[in-house]
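Data first, discussion second: the structure below is written as structure tokens.
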There are 2 protein chains.
Amino acid sequence: MKKQCACKSIPAEELKRIKDELPDSDTIESLGEFFKVFGDPTRLKLIYFLSQYELCVADLARLSEMEQSAVSHQLKILRLHRLTKQRRDGTTIYYSLNDNHVREVFDVALEHIEEIG
Amino acid sequence: MKKQCACKSIPAEELKRIKDELPDSDTIESLGEFFKVFGDPTRLKLIYFLSQYELCVADLARLSEMEQSAVSHQLKILRLHRLTKQRRDGTTIYYSLNDNHVREVFDVALEHIEEIG
DNA sequence: CATGTATATGAATATATGTTCATATACTAA
DNA sequence: TTAGTATATGAACATATATTCATATACATG
């Protein structure tokens with residue numbers, strides 16, 4: 001029983017080179033975090049609405065048909081990832097998107113879905 | 001105690017209109033699924049490698065420093081989402097990306113990470 | 001056929017995550 | 001201050017998910 005697989009389609013030196021091209025692990029982690037935020041349908045809805053309008057929590061709850069608490073929890077996640085910004089007006093807090101890439105990512109993915117499913 | 005929140009920054013008819021602009025729930029679900037695939041660092045590594053090279057499972061395992069079993073499990077997910085295609089050569093199976101949008105999504109997100117973190 | 005290699009997969013486990021409920025906080029107005 | 005409104009948050013719970021281990025499958029070779 002050999003210790004190393006005999007496949008080795010690619011020689012060791014080239015494997016090393018390919019491996020080095022990978023973005024560093026912090027970047028990969030951040031990317032994963034970023035996509036994870038988009039990986040939940042309820043957050044996607046919030047993101048979509050916020051990509052078009054500045055909205056208060058209560059209206060977001062009505063639009064997404066979620067409870068206010070659930071919306072606040074999800075908004076916290078968006079906030080922590082700096083995807084949103086907010087302003088206070090009295091007791092009301094208005095959220096909006098903080099970044100142009102967000103909608104861009106959304107749209108590229110949408111193209112994919114429409115083509116491949 | 002009122003039954004409905006008094007906030008209503010936006011009148012009911014307009015809320016309805018905004019709500020109707022949201023892609024249908026199947027599309028939102030698919031988008032969420034799509035992003036969820038990208039939401040795991042180990043899958044991101046596989047996707048990145050495959051965006052540049054056609055690779056066999058064993059080499060993917062070496063490159064990503066994962067066990068062969070874990071790689072196969074993740075490749076199954078990529079396959080089910082039709083992000084990859086594969087061809088067999090003897091006992092070896094070579095994987096590659098199936099879609100151009102994938103790398104595009106990856107790159108847009110990378111821009112975001114580099115700007116906002 | 002039997003052996004070996006590359007990959008796939010089911011089950012078990014540990015961890016992560018989203019929602020709900022109850023409650024806290026921050027602000028407004030009387 | 002007291003009551004009311006909008007939002008935030010901690011804890012508990014249920015569900016999802018990634019990994020590992022053991023094993024199965026598919027193919028090649030002798």
Side-chain angles (χ1 to χ4, degrees), chain A residues 1-10 28-29 32-47 50 54-81 84-96, chain B residues 1-10 28-29 32-47 50 54-81 84-96:
Chain A
M1 185 162 40
K2 288 185 184 180
K3 283 193 178 173
Q4 194 171 25
C5 158
C7 167
K8 276 200 176 178
S9 306
I10 296 181
I28 293 288
E29 284 295 325
E33 284 295 310
F34 178 76
F35 284 122
K36 211 175 283 181
V37 175
F38 286 76
D40 177 65
T42 64
R43 275 195 300 267
L44 271 183
K45 288 185 196 174
L46 299 180
I47 289 170
L50 292 173
E54 183 190 54
L55 293 162
C56 71
V57 178
D59 281 342
L60 278 170
R62 277 188 282 272
L63 284 168
S64 60
E65 297 178 3
M66 297 166 67
E67 292 200 0
Q68 173 267 315
S69 173
V71 171
S72 278
H73 277 297
Q74 299 302 347
L75 284 174
K76 181 174 192 176
I77 292 174
L78 299 181
R79 222 187 311 129
L80 289 176
H81 286 85
T84 56
K85 59 191 176 205
Q86 70 269 27
R87 71 181 171 88
R88 177 182 281 277
D89 178 14
T91 58
T92 304
I93 298 183
Y94 291 94
Y95 281 81
S96 55
Chain B
M1 185 163 41
K2 288 185 181 177
K3 282 193 176 175
Q4 194 170 26
C5 159
C7 167
K8 275 202 174 178
S9 308
I10 296 182
I28 294 288
E29 285 294 326
E33 284 293 310
F34 178 75
F35 285 121
K36 209 173 285 180
V37 175
F38 285 76
D40 178 63
T42 64
R43 274 195 299 265
L44 271 183
K45 288 185 197 175
L46 299 180
I47 289 170
L50 292 173
E54 184 190 54
L55 294 161
C56 71
V57 178
D59 281 342
L60 277 169
R62 277 188 282 272
L63 283 168
S64 60
E65 296 177 5
M66 296 167 69
E67 292 198 0
Q68 173 266 315
S69 173
V71 172
S72 278
H73 277 296
Q74 299 303 347
L75 284 175
K76 182 175 191 175
I77 293 174
L78 298 181
R79 222 188 310 129
L80 288 176
H81 286 85
T84 55
K85 58 190 175 204
Q86 69 270 27
R87 71 180 171 89
R88 178 183 279 277
D89 178 16
T91 60
T92 304
I93 298 183
Y94 291 94
Y95 280 81
S96 55

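Throughout, a chain's letter reflects where its sequence line sits, starting with A, and its residues are numbered from 1.
- Between the base of C:dT9 and the side chain of B:S69 there is a donor-acceptor pair shorter than 3.5 Å.
- Stacking annotation: A:H73 is not stacked on the base of C:dT19 (requires ring centroids less than 5.5 angstrom apart and an interplanar angle below 30 degrees).
- B:I77 comes within 4.0 angstrom of sugar-phosphate atoms only, judged by non-hydrogen atoms across all strands, and of no base.
- Closest heavy-atom contact between B:P41 and A:I28: O-CG2, 3.8 Å.
- With a 4.5 Å cut-off on side-chain heavy atoms, A:S72 and A:Q68 count as touching.
- For D:dT19, the OP1/OP2 oxygens have a side-chain nitrogen or oxygen of B:T42 closer than 4.0 Å.
- Side-chain proximity of A:L75 to D:dT20, D:dT9, D:dA8: nearest is D:dA8.
- When distances are taken from the side chain of B:K36 to each of D:dT9, D:dT17, D:dC21, the shortest belongs to D:dT17.
- Comparing C:dT7, C:dT19, C:dC21 by their closest approach to the side chain of B:S72 singles out C:dT7.
- A:L55 and A:L63 make their closest contact through CD1-CD1, 3.6 Å (heavy atoms, listed as atom of the first residue, atom of the second, distance).
- A donor and an acceptor atom never sit less than 3.5 Å apart when one is taken from the side chain of B:T92 and the other from the base of C:dT5.
- Nearest-nucleotide positions on DNA chain C for B:I93 and A:M66 put B:I93 closer to the 5' end.
- Atom CD in A:Q86 sits roughly 7 Å away from atom P in D:dA8 (whole-Å rounding).
- Per the geometry, CZ belonging to B:R62 stands 13 Å off P belonging to C:dT5, to the nearest Å.
- The aromatic rings of B:F35 and A:F35 lie parallel to each other, their planes meeting at an angle below 30°, with 60° marking the opposite boundary.
- Shown here for A:S64 and A:V71, the closest heavy-atom pair between the two residues is OG-CG2, 4.0 Å.
- Not counting sequence neighbours, A:R88 has no partner by the salt bridge (charged side-chain N to carboxylate O under 4.0 Å, His left out) test.
- At whole-Å resolution of the value, CZ in A:R87 and P in C:dC27 are 15 Å apart.
- Following rounding to the nearest Å, A:K76 (NZ) and C:dT20 (P) show an atom-to-atom distance of 18 Å.
- Separating the CG atom of B:D59 from the P atom of C:dA6 is a distance of 10 Å, rounded to the nearest angstrom.
- In this structure, of C:dT20, D:dA18, D:dT20, it is C:dT20 that holds the atom nearest to the side chain of A:E67.
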**Complete:** Going 5' to 3' through nucleotides 23-30 of chain D and flagging B where a protein heavy-atom sits under 4.0 Å of the base, S where only the sugar-phosphate is that close, and - otherwise, we get ---SBS--
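- Between A:Y94 atom OH and D:dT5 atom C1' there is a gap of 13 Å when expressed in whole angstrom units.
- Here D:dA18 is the nucleotide among D:dA18, C:dA8, D:dT9 with the atom lying nearest to any side-chain atom of B:R43.
- One can place CG of A:L55 at 15 Å from C1' of D:dT7, the figure rounded to the nearest angstrom.
- OP1 or OP2 of D:dA8 sits under 4.0 Å from a side-chain N or O of A:Y95.
- Note: CD (A:E65) to P (C:dG18) measures 19 Å, nearest angstrom.
- Considering only heavy atoms from C-beta on, A:M66 stays 4.5 Å or farther from A:K45 through its side chain.
- Among the nucleotides D:dG10, D:dA8, C:dT9, the one closest to any side-chain atom of A:R79 is D:dA8.
- Side chains of B:L80 and B:V37 form no contact here, defined as non-hydrogen atoms less than 4.5 Å apart.
- If you check C:dA8, C:dT20, D:dA8 against the side chain of B:V57, the one that comes closest is C:dA8.
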